[in-house]
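For reference, the structure discussed in these notes is given below.
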Amino acid sequence: MAEANRAVGRLLREYVDLLKLEEGSAQAFRVRAYERAVAAVAELTRDVAGMTAGELKAVDGIGASTAKKIREYVETGAIADVETLREKYPRPLVELMQIPGVGPKTVVQLRRELGVENLDDLKQAIAEERLRDLAGLGVRTEEKIARAIERLGLHSKERRIPIIRALPVAADIVAALSQLPAVRRVEYCGSLRRFRETIGDIDVVVASGDPAPVMDAFVGLPRIREVLGRGDTKASVLTDDDLQVDLRTVAPGEYGAAILYFTGSKAHNIELRQRAIERGWILNEYALADADSGEIVASRTEKAIYDALGLGFIPPELREGIGEIAAAAEDRLPRLVEERHIRGDLHVHSTWSGDGRSSLADMVAEAARRGLQYVAMTEHGENLAINGLTRDEVRRERAELDELAAGHPDLTILHGAELNIGPDGGLDYDEDFLLEFDWCVASVHSHFDFDVPTQTERILRAIASPAVNAIGHLTGRRIGKRPGIELDADAVFETAAATGTAIEVNCHLDRLDAPADLLRRARLVDGLRFVISTDAHHTTELSNVTWGVRNARRGWVERAAVANTWTRDRFLKWAAAKRRT
DNA sequence: GCCGTTTTCGGCCCGACTGTTTTCAGTCG
């Protein structure tokens, strides 16, 4: 994405926080307007530096004021209104809003009445027991803020944890609650159900006619360290590994409305509710109902509610308030890929690679057992010194594959490789040797901090090789651990499309790479194909295809663009075409 | 600040929980 778009996004996000203090409310219309603008900028596929004020204004969520500010940034490198507010509310003050339970009103009050300018000031004021005397606050609030500060860092409002940590915890809790006799249905919602790569907290919704025992059981689960809040139908807890879990119980007849509401996103919900209001209805977590009579229009299932609102069912992965509702209204939702469509796996390792953990025979057998029609065994190339295969090893591996093939008549086994993209875009082996493979994935495994032109050139060089069928884990990121490389993704997508090179959707939960936001840009590129591949290093990891598919869906990727949903013949013909060029 | 097939002015999503209050403000999702 263009550098200017990122910079504008950062500035507008900062402006949103500053405006919360200026307006004294996070719900002020001006705050919400700029929140929408931030989202609109994030989804722009054009470089803002090249857009006129008029073009900017035409974007949904960007009006005259925001357009002017963006132009101002492009022309001067700064936005005067942001700078003004920045002086009025210095960063250490703004950051106090990160403390759970502390919002803009409280920050302004603390500053006005106690002279609090930063976290140290606040800690001192608490130590001197001065918060308890403020209007609207009290001893309990003072203690609550003190506890929240102690946990800060672990539980700041901005803290997000990688999905790979949240998913197993959520699955455990859902499994435990589903055992309760009082629980009719239970499901995790929130950003986890939308399959965001990082999760703020885990939202669980239960349908039950008898909430009390459910709430009791929830706060008493073995892994719960602290109960943050507890009402009749709603509770929040911390697990022993510091994840916040919110539980909500509703009547069975309200379950659809409840999971819709708690799945979000916030922006999606707001748009849905506006649509309800236009029809004289009201939508909340219990039902879609008539605003006057209260008569229920729909509530039992999400589909019924979407139907009533004149919308097709919108899959959770799309619910980000970035155009999916308009698309549903006009019956042009993407025909998303589903797990059952996947016919092949095109990135699989065995113990031939140094980091593989299951034998070649076991991996192939598992691929066959899972009903795949084709699989590419892709050991590392020789340039990955520790894990890669020498030429001699490649030939011996091929011989073993030939023997295995006889035992699996229904599975087409491709002899592939995962090549290493060197710092200058060079690959393992030589081109003649590479063309002996049936399928090659090329991926970055090192040198993550080059600048954008260097990284882009490096990938483009790899794409230019006739032997390279796909670019593996495009950015090389590890979610929550290592940022990906920075590159001109649009240039990569255009060239990949033009050369018949696929973009891999890597299924590892800590990779999910290419990231969904890049996939949303990629899917707009005519002729670009994707492959959803597990990059499995053990037989159990072939099932990770579930996660890759969900990430692809989040990226609005359609089934038709995913090459490994195609029949064997169509896929093989397509893959061979590039290798002949 | 943004927006409009009811609108260019007058709206803007909705409710639980907490802690402070005696009817509500702030925060959160």
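Proteins come first, then strands; the chains are lettered A, B, ... in the order of their sequence lines, and each starts at number 1. Bear in mind that the values here come from a model prediction, so they are computed numbers and not experimental data.
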Nearest-Å distance once atom P is located in both B/dG26 and B/dT20: 14 Å

task: Between A/Gly136 and A/Leu19, name the one whose nearest nucleotide on DNA chain B is closer to the 5' end.
output: A/Leu19

Distance between C1' atoms of B/dC9 and B/dC14 (Å, rounded): 24 Å

- prompt: Between B/dG26, B/dG15, B/dC28, which nucleotide has the shortest distance from any of its atoms to the side chain of A/Ile282?
  reply: B/dG15

- request: Quick one: sort the A/Trp547 and A/Phe195 rings into parallel, tilted or perpendicular, breaks at 30° and 60°.
  value: parallel

- line: The nucleotide from B/dG1, B/dC28, B/dA16 with an atom nearest the side chain of A/Phe29 is B/dG1

query: Which part of the nucleic acid, if any, lies within reach of A/Ser25 when heavy atoms closer than 4.0 Å are counted: base, sugar-phosphate only, or nothing?
result: nothing

- prompt: If you measure from CZ on A/Arg36 to CG on A/Asp60, what distance do you get to the nearest 0.5 Å?
  reply: 5.0 Å

- line: When rounded to the nearest 0.5 Å, the distance separating CG of A/Leu85 from CG of A/Leu18 is 5.5 Å

- prompt: Looking for any heavy atom pair under 4.0 Å, which part of the strands does A/Val107 touch: base, sugar-phosphate only, or nothing?
  reply: nothing

OH on A/Tyr255 to OH on A/Tyr286, rounded to 0.5 Å: 15.5 Å

- request: Can you tell me, in whole Å, how much space there is between the C1' of B/dT7 and that of B/dC12?
  value: 13 Å

task: Select one nucleotide: of B/dG26, B/dC2, B/dA16, the one nearest the side-chain heavy atoms of A/Thr106.
output: B/dG26

message: Regarding A/Leu272, tell me which of base, sugar-phosphate or nothing describes its non-hydrogen contacts under 4.0 Å with the strands shown.
response: nothing

message: Taking any heavy-atom pair under 4.0 Å as a contact, classify A/Val102: base, sugar-phosphate, or nothing.
response: sugar-phosphate

- prompt: Which part of the nucleic acid does A/Tyr34 contact within heavy-atom distance under 4.0 Å: base, sugar-phosphate only, or nothing?
  reply: sugar-phosphate

- prompt: Any idea which of B/dC3, B/dC14, B/dT20 is nearest the A/Thr141 side chain?
  reply: B/dT20

Nucleic acid contacts - residues 256-266 of chain A versus DNA chain B, non-hydrogen atoms under 4.0 Å: A/Tyr261, A/Lys266

query: Taking the P atom of each, how far is B/dT21 from B/dA16, in whole Å?
result: 23 Å

field: Among B/dG15, B/dC3, B/dC28, the one nearest A/Asp60 by side-chain distance
entry: B/dC3

- prompt: Looking at the side chain of A/Asp203, which of B/dG1, B/dG29, B/dC12 is the nearest nucleotide?
  reply: B/dG29

message: Please give the distance between the C1' atoms of B/dT6 and B/dG1 as a whole number of Å.
response: 23 Å

- line: Looking only at B/dG1, B/dG26, B/dC17, the nucleotide nearest the A/Lys69 side chain is B/dG1

- request: Verify the neighbour count for atom CD of A/Glu75: are there more than 12 heavy atoms of other residues, nucleotides or ligands below 6.0 Å?
  value: yes

field: Pairwise distance OG(A/Ser65) to CZ(A/Arg30) - rounded to 0.5 angstrom
entry: 9.0 Å

- prompt: Under 4.0 angstrom, heavy atoms only, what part of the nucleic acid is A/Asn284 near: base, sugar-phosphate, or nothing?
  reply: sugar-phosphate

- prompt: Of all the choices, B/dA16, B/dT18, B/dC12, which nucleotide is nearest to the side chain of A/Arg248 once you look at every atom?
  reply: B/dA16

task: Answer with base, sugar-phosphate or nothing: what part of the nucleic acid does A/Gly200 contact at a heavy-atom distance below 4.0 Å?
output: nothing

- prompt: Taking the side chain of A/Lys105 as its heavy atoms from C-beta onward, which of B/dG26, B/dC28, B/dG19 lies nearest to it?
  reply: B/dG26

task: Would you mind pulling out the nucleotide paired to B/dT8, Watson-Crick or G-U wobble, both distances under 3.5 Å?
output: none

task: For A/Ala276, answer base if it contacts any base atom (sugar-phosphate contacts may also be present), sugar-phosphate if it contacts only those atoms, and nothing otherwise; contact means non-hydrogen atoms under 4.0 Å.
output: nothing

- prompt: How would you label the contact of A/Glu271 with the nucleic acid (heavy atoms, under 4.0 Å): base, sugar-phosphate, or nothing?
  reply: nothing

Whichever of A/Gly24 and A/Glu285 has its nearest DNA chain B nucleotide further upstream toward 5': A/Glu285

- prompt: Among A/Arg160, A/Arg477, A/Arg550, which one satisfies salt bridge (charged side-chain N to carboxylate O under 4.0 Å, His left out) with A/Glu197?
  reply: A/Arg477

message: Determine whether a donor-acceptor pair (N or O, by modelled atom type, separation under 3.5 Å) exists between the side chain of A/Glu143 and the backbone of A/Arg140.
response: no

